[in-house]
There are 2 protein chains.
Amino acid sequence: MSRYADAARDGDGRGHHTLAETESAVAERLDGMSVDVESMAAVQNIYRAANTIRNHLEQTVLAPHDLTWTGWVVLWVVWIWGDIETRHVAEEAGISKGTLTGVIGTLEKRGLLLRRTHPDDARRVLVALTPKGRKLMNTLFPIFNAAEARVTASLSTADKTHLATSLRAVVAEVDEF
Amino acid sequence: MSRYADAARDGDGRGHHTLAETESAVAERLDGMSVDVESMAAVQNIYRAANTIRNHLEQTVLAPHDLTWTGWVVLWVVWIWGDIETRHVAEEAGISKGTLTGVIGTLEKRGLLLRRTHPDDARRVLVALTPKGRKLMNTLFPIFNAAEARVTASLSTADKTHLATSLRAVVAEVDEF
DNA sequence: AAAGTTTCGTTCGGATCCGAACGATTATTG
DNA sequence: CAATAATCGTTCGGATCCGAACGAAACTTT
């Protein structure tokens, strides 16, 4: 069964509970508690949507090219910025330095990028795509972007923009903490 | 450095590139390519917001109780539904059955929940919270919910509701694939 | 110039995450 | 009733994910 897919269906033909059922059970469980339902719904749906999208794009677009979601994100960051320091890649990709070391190891092993010591500061490491990596990005990005359009097809362009704006505000707020 | 935190700041006092810089670099790199910018922005921001929120809540609320994000989600699902089959927990939590086995193992080891074979079907496993697990949920849920309110404080109640609605539409669309 | 401090990337242990394969169990078919 | 098919949870190998600690390198202070 794929990530978050609900191929497995229970007796009445549905996977997990409907949203209405879940909210009903939650209301019952939390009866007597003061709950910020809007905030809970916002957080839960942000996380659920992110996982659903990641799973879907990983399975349909990335796995056929032997890529993981994070491998793809790292390649994308290096593709956009060119020769870039690993600490910046970790920041842009939103992963820890320790995790980046492992992901870069995997991508290097696949011949998609190369690391080298910074000429001025031996503590730092620079990465760049290999020709093979660049070719993969040129081939795969349009396919990935088309898939991004498909997974968000239920939203109008105005909705997508509004969604992105709201989510940027959330990220900015948390980054201020 | 914490997950996605930008405690590390580069020379000019900023962490990762600004959004404007990133979009500029993206436009330059993708010059000549037909790009659905709104879809890309929607997907990137959904993923970024989910990770930022997960990291923040894990660090500030869950880690002090020796919980991971997914451990929390699994406990929450079992708390809401009571005695529940593991296959349903995996679905509700949005993780694979293999992953759930490991997470349940961890939570069981911590004395927070218990598993038992289904009385009617020996293939199935049921899980329920222990008294310790129930106590933890009653204590921690209000704290977690308050943190949910803080991370989404930049949004109005109407915005939170609209966000949740848009994201539910995205999940429903992908689940139809 | 030497000592102390800070920064960088890697390593480590523990946790999670997946799909595929497996054994055990149940359901279906002939 | 026996054979076959389907379902369930676990195991497996590989990948990711984290924070803390470490060694090496650079910076700052004395």
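So that the names make sense, note that chain A is the first sequence line, chain B the second, and so on, each numbered from 1. Just so it is clear, the structure is predicted and the values come from calculations on it, not from any experiment.
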For [X] and [N], what is the distance between atoms [atom1] and [atom2] respectively, to the nearest whole Å?
X	N	atom1	atom2	result
A/H56	C/dC17	NE2	P	21 Å
B/H88	D/dG9	NE2	C1'	14 Å
B/E108	D/dG9	CD	P	14 Å
B/E91	D/dC8	CD	P	9 Å
B/R87	D/dA6	CZ	P	17 Å
B/I104	D/dT10	CD1	C1'	12 Å
A/D66	C/dG19	CG	C1'	13 Å
B/L67	D/dC18	CG	P	18 Å

With respect to the phosphate group of [N], does any side-chain polar atom (N or O) of [X] fall under 4.0 Å of OP1 or OP2?
X	N	value
A/T99	D/dC18	yes
A/Q59	C/dC18	no
B/T86	D/dG9	yes

*Tell me, which of residues 111-130 of chain B have any heavy atom that sits under 4.0 Å from an atom in DNA chain D?*
B/R115, B/R123, B/R124, B/V125

*Base, sugar-phosphate, or nothing: which does B/T101 touch, judged by heavy atoms less than 4.0 Å apart?*
base

*side chain to side chain donor-acceptor pair (under 3.5 Å) partner of A/R124, chosen from A/E85, A/H88, A/H118*: A/E85

*asked:* With a 3.5 Å distance limit and no angle check, can you tell me whether A/S96 reaches the backbone of A/T99 through a side-chain donor-acceptor pair?
replied: yes

_Closer than 3.5 angstrom, by distance alone: can the side chain of A/N145 be matched with the main-chain N or O of B/D36 as a donor-acceptor pair?_
yes

*Ring centroid separation for A/W79 and A/F141, is it under 6.0 angstrom?*
yes

_In this structure, is the centre-to-centre distance between the rings of A/W76 and A/F144 below 6.0 Å?_
no

*Can you figure out which of D/dC18, D/dT10, C/dG9 approaches the side chain of B/K97 most closely?*
D/dT10

*Report yes or no: do B/T86 and B/K97 form a side-chain donor-acceptor pair below 3.5 Å?*
no

*asked:* On DNA chain C, compare the nucleotides closest to B/L100 and A/G98; which residue's is nearer the 5' end?
replied: A/G98

_Matching residue for A/L62 among A/I143, A/T70, A/L140, A/T68 - test: side-chain contact (heavy atoms from CB on, under 4.5 Å)_ = A/L140

_Quick check: do A/L155 and B/V170 have side-chain heavy atoms less than 4.5 Å from each other?_
yes

*asked:* Within the 4.5 Å heavy-atom criterion, are B/V78 and B/M137 side-chain neighbours or not?
replied: no

What N/O pairs connect the protein and nucleotides 13-15 of chain C at under 3.5 Å? Give each pair on its own line.
unit_1: C/dA15; atom_1: OP1; unit_2: B/R110; atom_2: NH2; d: 3.2

